[in-house]
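Below is one structure, written out as structure tokens; the observations come after it.
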Amino acid sequence: MDNTLNQTPSDEQIGYDPSAVEGKWQQSWQDIGTNTTDVAAAPDPYYALMMFPYPSAEGLHVGNLFAFVGNDIYGRFQRLQGHNVFEPFGYDAFGIHSENYALKVGKHPMDLIPQNIANFRRQVQRSGLMVDWSKEVDTTNPDYYKWTQWVFLQLLKQGLAYKKQAAVNWCPSCKTVLANEQVVGGACERCDTPVEQRFLSQWFFRISDYAERLLANLDSLDWSETTKTAQRNWIGRSEGAEISFPVKKAGAEAIRVFTTRPDTVFGATYLVVAPEHPLVASLTTGVYRTAVDQYLARSAKQDVVTRKSSTEKTGVFTGAYATNPATGSDIPIWISDYVLMEYGTGAIMAVPGHDERDFEFAKVFGLPIVRVVCAQGEEPSAPIDEAFTENERGIIVNSGKFDGMTVATAKREIIAMLDEKGAGHPVVNYRLHDWCISRQRYWGPPIPIIYCDDCGAVPVPENDLPVVLPHVEDFKPDDSGVSPLARHEDWYRVPCPECGKMARRETDVSDTFLDSAWYFLRYPSVGIDDKPFDSTITKKWLPVNSYIGGNEHAVLHLLYSRFVTMVLNDMGFIDFEEPFKRFRAHGLIIRNGAKMSKSKGNVVIPDHYIEKWGADAFRTYLMFLGPFEEGGDFRDASISGVKRFLDRLWASVHSAVDSQSNGPGDPDVMRKLHQTIRKVGDDIPRLSYNTAVAAMMEYMNVLRRGERASSRSEVEPLVQLASPFAPHIAEELWEKLGHSESVFDAGWPKFDSALATDERFELAVQVNGKTRGKLSVPRDITQDDAVSAAMAEESISKFLSGPAKKIIFVPGRLLNLVG
RNA sequence: GCGGGAGUGGCGGAACUGGUAGACGCGCUGGACUUAGGAUCCAGUGGAGCAAUCCGUGGGGGUUCGAGUCCCCCCUUUCGCACCA
């Protein structure tokens, strides 16, 4: 056997050749089907899911592997607890990422993706994940995206898909639509041309209809709080009021505004509407028209990204006035791009005294600033030199009969007053916008719609799915100014499914997030061709028991998946409305204290490490380098510690088996063993993998004390404990121990609390809170005995001048003598 | 600006509900075995001090018999969202 790791291995190491052991067991798992789940028969299903990766050309990133291994350990542990664990794998292979890369290297994504997938599969297999390879998913496969298109049609059927004009980033030089991340500092990332805003007709999903439910359900989910908070913030529920301001012009429509501070309505000294507001044209009067038109043209040209990031206030007066329903006075109506059409009503009442943005705007344009909220003891007429936004301790002033009220009371009372006049009512607003799923791109599933001059937008009949993405050579954006598929008349010209007249396919493709919003439903049903998911299998396996993935998807992917699941639930396809019972986000891996990047050349390439150290050592090191949910710092030098641990594990098992030490085990060692069984069993479910590994190392140190060979009762359970981390060596040693079944079908070692506890323990003795000594005492020692034992120690009693005035005794822990 | 984290030896990190700070590992120092050692094994390793002891968890206050952990103020750092009314 050739050992490439050490030129002259020590006696103990002879025989442990990770690459040979790992190759052997990977082959065996495949041959025997160790990791294949019988989804129909499994009596005790457990679905351990990890976020599927985008299969990049560079191959598996160590961050991916970190996540996968973390999930794998969890899944393997659940299997050892007796569950039938299903751990599938797949590829999120559509999207702008792949498309851009294909453009860059001048290859076609349809050629590139299968290569990348093959490479990913190879890398994942050699990492020893417990993946059921019979259930692979590839989002670019027509057998998969057929059902992505089906999902779209279901949403359409429910009235949750609609079309509207929306702004996109447009590069006038590349003549193409850009994603937000392709806009750098207001310019196209490729050619540096300033990006413009264009309006295209696009498909949206009405996720905002589900805002309240998406928010409310969060409370009952077993997700990390940080992720839930991110979702709550994204949904952005805010309570306030909608208030109408009548326009001073015959027949004009009133302007409706949304505010969270109705208590400040007496301080509203002007109104602002967004440049895109539908009333802009009718509000603008004669002499102001030129200025308004100029302003509108200017903001229309500006790209979405810079417009939202610049904070300097610009605006223009319409010439029109509205009446403040609280004060009855007339206030001017302005237009400014600091008001967003997408939020609220696209119009605001400006209260410069109590809103920073309004204050800035008022300063720039010399508009009146009125104080309507005071801090306790402040003079109501005091001048305002910055917006006073405090509302906890604020008192209402200059607001007629509402003066003296707290902000909270005034909110209620003023809404009631406006409501009575028919000028306002309470409203809840959400930040969450509808989900735009149209992409003017090539590399995605075509949206299954056909436009007919007579019948309008007609859904492709479900029987006609999939609408196959054609293999076209010119998927690159060019001067034509349309999405790539729109250049292929032979593809988009089809008869209308309703009337048969020649019609035109939708040439946009759907967002990649739609592909990943339902893939977990597909996995258990892979292989079933006539439906997206089988209802019996789905009932058995879903919702997902445990989901692990990156926090970069804390918001969008998880929210979209929840939304799609709710809709399918409402339609009766599934009987649950939340897809992931438990979700945990893993941390980020950095290297030597710095972020990894290709340009810095400090990227960890898993293949290299697996070749050098073996997959088991690499896996275990990844889990050991830091807390799983926080990530950690990858340092090459540190892997050796983990490798040494595996070497010792190998040596201990071999010496126990070869020396036929079949005795009961040393009591001290057995105590530590049972403490370790408990610790590892507690740590794995809470993803505290680093401390689980440390505990096993600690046990190894105890095991190795003294000269004697270990007995098999001391080492055998350790093989089981280590198996989720280092599955290959565990299988090999399990076989060496004489077992013929897989270690993963052998269960988890039994914890015996009687064996784990010692009759004596170390009592920490403190004097005035400072530790002054440790005493080895019986576990059930009484307080009095403990005190006398402590006082008998000169090194302790010397810190006390007399008898202790107060004694704090924590049984099993410490004694504190206060003098 | 708003929101979420995080600051502990030379380094990565332990310390679950306040209760022996620094587990485990890397590195380092010394030793053993060796032709050799980047292998293996043994011992040591927060700082100061010969020692008793003192000081130590970003900084400053506080609560407590006792604070890395709880409360208040501040600093640094990182991630996310960025004019959301």
Side-chain angles (χ1 to χ4, degrees), chain A residues 5-13 225-227 229-230 232-234 236 238 240 257-261 264 272 305 307-313 336-340 342-345 347-351 354-358 360-361 429-433 551-552 554-555 587-588 590 592-593 595 621 624-627 629-630 632-642 644-645 647-648 651 682-683 686 688 690-701 704 762-774 795 798 804-808 810 812-819:
Chain A
L5 280 157
N6 305 293
Q7 286 159 342
T8 45
S10 75
D11 290 349
E12 283 187 338
Q13 268 188 300
E225 263 325 299
T226 54
T227 311
T229 307
R232 286 191 189 106
N233 292 343
W234 190 263
S238 58
V257 306
F258 172 72
T259 177
T260 54
R261 296 293 306 274
T264 62
V272 188
V305 179
R307 176 172 158 183
K308 286 198 172 181
S309 58
S310 87
T311 51
E312 83 195 59
K313 297 287 178 285
S336 172
D337 64 4
Y338 85 92
V339 173
L340 309 173
E342 313 91 85
Y343 187 77
T345 60
I348 60 150
M349 64 174 207
V351 185
H354 306 285
D355 180 280
E356 282 162 25
R357 298 151 301 181
D358 297 343
E360 263 179 70
F361 190 82
N429 230 303
Y430 299 91
R431 231 182 86 132
L432 181 66
H433 297 142
N551 231 339
E552 68 274 17
V555 175
L588 240 58
I590 55 170
N592 300 322
K595 212 170 166 169
Y621 175 60
F624 182 60
L625 59 73
E629 291 180 78
E630 284 163 40
D633 193 357
F634 190 101
R635 287 175 187 259
D636 290 24
S638 301
I639 304 175
S640 58
V642 166
R644 205 165 290 151
F645 167 72
D647 285 342
R648 289 169 177 175
D682 286 348
D683 283 354
R686 55 189 189 100
S688 188
N690 54 335
T691 55
V693 174
M696 290 189 279
M697 288 174 164
E698 237 178 285
Y699 175 60
M700 176 61 75
N701 291 339
R704 282 159 34 84
E762 292 255 288
L763 177 75
V765 182
Q766 300 182 334
V767 178
N768 295 325
K770 284 193 175 170
T771 305
R772 295 301 184 183
K774 295 165 195 180
S795 58
K798 72 174 177 188
K805 293 197 190 81
K806 189 172 175 184
I807 294 161
I808 285 113
V810 185
R813 285 215 108 109
L814 62 67
L815 175 70
N816 187 9
L817 305 169
V818 185

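In the text below, chain A, chain B and the rest are named by the order of the sequence lines, each starting its count at 1. Fair warning: this is a prediction, and the values are worked out from it, not measured in the lab.
- OP1 or OP2 of B/rA21 has at least one side-chain nitrogen or oxygen of A/Thr771 nearer than 4.0 Å.
- Between A/Tyr338 and A/Asp358, some side-chain heavy-atom pair lies under the 4.5 Å cut-off.
- Between A/Lys770 and the phosphate of B/rA67, there is no side-chain N or O to OP1/OP2 separation shorter than 4.0 Å.
- Comparing atom distances between the A/Leu814 side chain and each of B/rG19, B/rC24, B/rA85 picks out B/rG19 as nearest.
- OP1 and OP2 of B/rC79 both lie 4.0 Å or more from every side-chain N or O belonging to A/Asn551.
- In terms of phosphate contacts, A/Arg704 brings a side-chain nitrogen or oxygen within less than 4.0 Å of OP1 or OP2 of B/rC42.
- Remark: the A/Lys313 side chain and the B/rC83 base include a donor-acceptor N/O pair separated by less than 3.5 Å.
- When the side-chain nitrogen and oxygen atoms of A/Lys806 are compared with OP1 and OP2 of B/rC65, one or more of them lie within a distance under 4.0 Å.
- Applying the 90° criterion around 0 to the glycosidic angle, B/rG9 comes out syn.
- For A/Val818, the side-chain atoms get nearest to B/rC65 when compared with the rest of B/rC65, B/rC42, B/rU20.
- The distance from atom CZ of A/Arg635 to atom P of B/rC24 is 20 Å, rounded to the nearest whole Å.
- B/rA23 and B/rG13 have their C1' atoms separated by 10 Å, with the value rounded to a whole Å.
- Using atom C1' as the reference point in both B/rA67 and B/rA15, the two lie 13 Å apart (nearest Å).
- Close to B/rG25, at under 4.0 Å from its OP1 or OP2, lies no side-chain N or O of A/Arg644.
- For B/rG25, one of the phosphate oxygens OP1 or OP2 lies less than 4.0 angstrom from a side-chain nitrogen or oxygen of A/Asn701.
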